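In this text the structure is predicted, and so the values were computed from the model without any measurement.
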Amino acid sequence: MNKKSNAIALLCMGLFLSGTVLAASIPRGIPGRNSTAAAPSQKRPVLTEDSIDLGAYDPHGDFGEPSQSKIEHLFLPWEDVDLSTLALADDYARARGRSLMITIEPWSWSPDWRVSDQELLRSILGGERDENMAQVCSTAATLKSPIIIRWGQEMDETDNQFSWSHWRSEDFRAAYRRMVNVCRAHIKTAKFVWSPKGNEGLEAFYPGDDVVDIVGLSVFGYQKYDQGTTGRDKSFSERLTPGYERVKGYGKPIMVAELGYEGDASYVASWATSVAMRHSEFPALTAVVYFNDREIYAWPGGYGRPDWRVVRETTN
């Protein structure tokens, strides 16, 4: 992690988190060219020969060994972004035999450059944002890794910071359908993920079988939050069950598109051994994708920003 390229990548990440605007954002999740696998960690998800697929959003390169992940996850905005850097992610993923999952957030990462929720929606449904999606998807079409596209995640989270989580369900469905169809005009082989958080009422946002290949969910285990809200620890299965039950009827493969856990040693061990297991109660669950970084946004209720990273930073 002391290589020059890593330092540059982490500097860009730090500038984003601090609120400093870059001329063109780089996708989040691309490790530096010389990233090496970090030291073993008791927090890392446990894999066996019978495990489902494990992926990772991994800006620090902690899942650098080919055997540690099968899906490389990136986040990017669809404007003010340097799409040429996707080639770096493609090289990194291909060298490790991985698919590349790209979460496209339909806004700018600079709050100063964002339009209102309704103006964004109007511009999407009116076709003014087709070119934003077309640019990302035409670039993705030049990559050699298998591509998974995830657009407008967690639209069912009513207290979310995302602009698209404030749209009416029918408007989100129309926007999602339009964007998938725009994307398909440029890349024929991508799979598309519809990815609610997993909340009650998510069914209203389902855009249709013809534009969904995979259903994604978000599952996080934070012991401090568990204890403060329920008075006890919650297991991975307990956290996944409500969302899984709401989406299993679609008959699609299900992935946990964002996964993290943080707590004391026994809490972490319980989650680490469970997340990649094959659970009889979750037969459609095919993959979990770890969010290997500190939380971007503070949790409600004063619970702060938990650190999901599997390897702790060391200081000299």
Side-chain angles (χ1 to χ4, degrees), residues 16 19 21-28 74-83 86 101-141 147-188 190-218 247 250 257-258 296-297 300:
F16 166 69
V21 177
L22 301 177
S25 299
I26 62 171
R28 298 200 312 257
L74 306 178
F75 290 80
L76 58 83
W78 71 358
E79 57 185 311
D80 318 316
V81 60
D82 181 3
L83 292 174
L86 285 176
M101 182 163 76
I102 304 172
T103 290
I104 303 171
E105 297 186 345
W107 61 358
S108 168
W109 278 347
S110 169
D112 293 336
W113 295 353
R114 293 176 193 162
V115 298
S116 70
D117 304 343
Q118 291 305 307
E119 176 58 22
L120 176 62
L121 175 65
R122 185 204 61 76
S123 65
I124 291 174
L125 297 183
E128 296 170 27
R129 299 301 182 120
D130 288 1
E131 183 60 23
N132 296 85
M133 193 70 173
Q135 288 180 356
V136 176
C137 295
S138 60
T139 302
I147 301 298
I148 303 168
I149 301 291
R150 178 174 175 251
W151 186 89
Q153 76 276 21
E154 298 185 358
M155 77 302 297
D156 58 326
E157 180 58 85
T158 56
D159 66 351
N160 210 315
Q161 68 282 343
F162 299 135
S163 296
W164 51 95
S165 68
H166 302 289
W167 298 342
R168 297 182 306 170
S169 57
E170 59 267 36
D171 291 330
F172 177 85
R173 294 195 308 266
Y176 179 97
R177 291 186 62 84
R178 184 180 187 100
M179 292 302 100
V180 169
N181 288 326
V182 168
C183 195
R184 281 177 171 166
H186 297 275
I187 182 169
K188 306 300 184 183
K191 293 184 176 180
F192 293 89
V193 182
W194 172 69
S195 197
K197 190 167 187 177
N199 293 338
E200 183 178 358
L202 63 81
E203 300 86 352
F205 295 90
Y206 186 66
D209 290 345
D210 59 323
V211 289
V212 176
D213 297 302
I214 302 166
V215 173
L217 296 167
S218 299
V247 301
Y250 298 123
E258 295 188 37
I296 301 297
Y297 301 99

Q: Return the CG to CD distance between L217 and E154, rounded to the nearest 0.5 Å.
A: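 It comes to 10.0 Å.
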
Q: Please find the pair of heavy atoms, one from S218 and one from R150, that lie closest to each other, and give the distance.
A: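 Residues S218 and R150, closest heavy atoms: OG-NH2, 4.1 Å.
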
Q: Would you check if D210 and R177 make a side-chain contact, meaning some heavy-atom pair closer than 4.5 Å?
A: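 Touching, per the 4.5 Å side-chain cut-off.
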
Q: Taking side chain as C-beta onward, heavy atoms only, is V193 less than 4.5 Å from V215?
A: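 Of all side-chain heavy-atom pairs linking V215 with V193, none is under 4.5 Å.
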
Q: Are the side chain of W164 and the backbone of F172 linked by a donor-acceptor contact shorter than 3.5 Å?
A: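 No, because the side chain of W164 does not come within donor-acceptor range (under 3.5 Å) of the backbone of F172.
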
Q: Might you point out which heavy atoms bring A257 and G216 nearest each other, and give the distance in Å?
A: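 Minimum heavy-atom contact is CB-CA, 4.3 Å.
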
Q: Between W78 and P106, what is the shortest heavy-atom contact and its length?
A: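 Of all heavy-atom pairs spanning W78 and P106, the closest is NE1-C, 3.3 Å.
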
Q: So I296 and F75, do their side chains get closer than 4.5 Å, heavy atoms only?
A: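 When only atoms from C-beta onward are counted, I296 and F75 do not touch, as no gap falls below 4.5 Å.
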
Q: Look at the aromatic rings of Y250 and Y206 and report parallel, tilted or perpendicular, splitting at 30° and 60°.
A: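 Parallel, since the angle between the ring planes stays under 30°.
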
Q: Measuring from atom NE2 of H166 to atom CZ of R168, what distance do you get when rounded to the nearest 0.5 angstrom?
A: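 So the gap between those two atoms works out to 15.5 Å.
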
Q: Taking 4.0 angstrom as the limit, do R122 and E119 come out as a salt bridge?
A: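 Judged by the 4.0 Å cut-off on N to carboxylate O distance, R122 and E119 do form a salt bridge.
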
Q: Which atoms form the tightest heavy-atom contact between A190 and I149, and what is the distance?
A: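 Where A190 meets I149 most closely, the heavy atoms are CB-CG1, 4.0 Å.
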
Q: Would you find a donor on one side and an acceptor on the other, under 3.5 Å apart, between the side chain of Y176 and the backbone of V212?
A: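 Here the side-chain-to-backbone pair does not exist.
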
Q: Ignoring hydrogens and angles, state whether a donor on the side chain of Q135 or E79 is under 3.5 Å from an acceptor on the partner side chain.
A: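 Looking only at side-chain atoms, E79 and Q135 do not form any donor-acceptor pair under 3.5 Å.
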
Q: At their closest point, which heavy atom of W151 faces which heavy atom of I124, and how far apart are they?
A: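 The pair with the smallest heavy-atom distance is CZ2-CD1, 4.1 Å.
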
Q: What's the spacing between Q161 CD and W107 CH2 if we round to 0.5 Å?
A: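 Output value for this atom pair is 5.5 Å.
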
Q: Mind checking the CD1-CD1 spacing from I148 to I102? Nearest 0.5 Å is all I need.
A: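 Answer rounded to 0.5 Å: 9.5 Å.
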
Q: Rounded to the nearest 0.5 Å, how far apart are OG1 of T139 and CG of L86?
A: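 Atom-to-atom, T139:OG1 and L86:CG are 6.5 Å apart.
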
Q: Taking D80 for its side chain and S108 for its backbone only, find out whether a donor-acceptor pair lies under 3.5 Å.
A: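 Answer holds: no.
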
Q: For the backbone of G198 and the side chain of D156, can you confirm whether one donor and one acceptor N or O come within less than 3.5 Å of each other?
A: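 Judged by distance alone, yes, a pair lies under 3.5 Å.
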
Q: Do the non-hydrogen side-chain atoms of Q153 and E105 ever get within less than 4.5 Å of each other?
A: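 They are in contact (side-chain heavy atoms under 4.5 Å apart), so the answer is yes.
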
Q: Around atom CD of E200, are there more than 12 heavy atoms from other residues, nucleotides or ligands closer than 6.0 Å?
A: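 Not buried by this count: 12 neighbours or fewer within 6.0 Å.
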
Q: With a 4.5 Å limit on heavy-atom distance, are the side chains of V81 and P27 in contact?
A: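 A side-chain contact under 4.5 Å exists here.
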
Q: Taking side chain as C-beta onward, heavy atoms only, is R184 less than 4.5 Å from V211?
A: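 When only atoms from C-beta onward are counted, V211 and R184 do touch, with a gap below 4.5 Å.
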
Q: I want to check something: taking the side chain as every heavy atom from C-beta on, are R129 and L120 in contact at a cut-off of under 4.5 Å?
A: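 Yes, at least one pair of side-chain atoms sits under 4.5 Å.
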
Q: Look up atom CG in N199 and atom OG in S165, then write down how far apart they are to the nearest 0.5 Å.
A: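 OG of S165 is found 10.5 Å from CG of N199.
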
Q: M179 vs D130, test: side chain to side chain contact (heavy atoms under 4.5 Å, CB included). Steps then yes/no.
A: CA-CA 7 Å; M179 292 302 100; D130 288 1; 3.5 Å; yes

Q: Within a strict 4.5 Å, meaning less than it, do heavy atoms of the W194 and R173 side chains meet?
A: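 W194 does not reach R173 side chain to side chain.
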
Q: Checking the side chain of D82 only, and the main-chain atoms of I26 only, is there a donor and an acceptor separated by less than 3.5 Å?
A: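 No; judged by distance alone, with no hydrogens or angles, the pair does not exist.
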
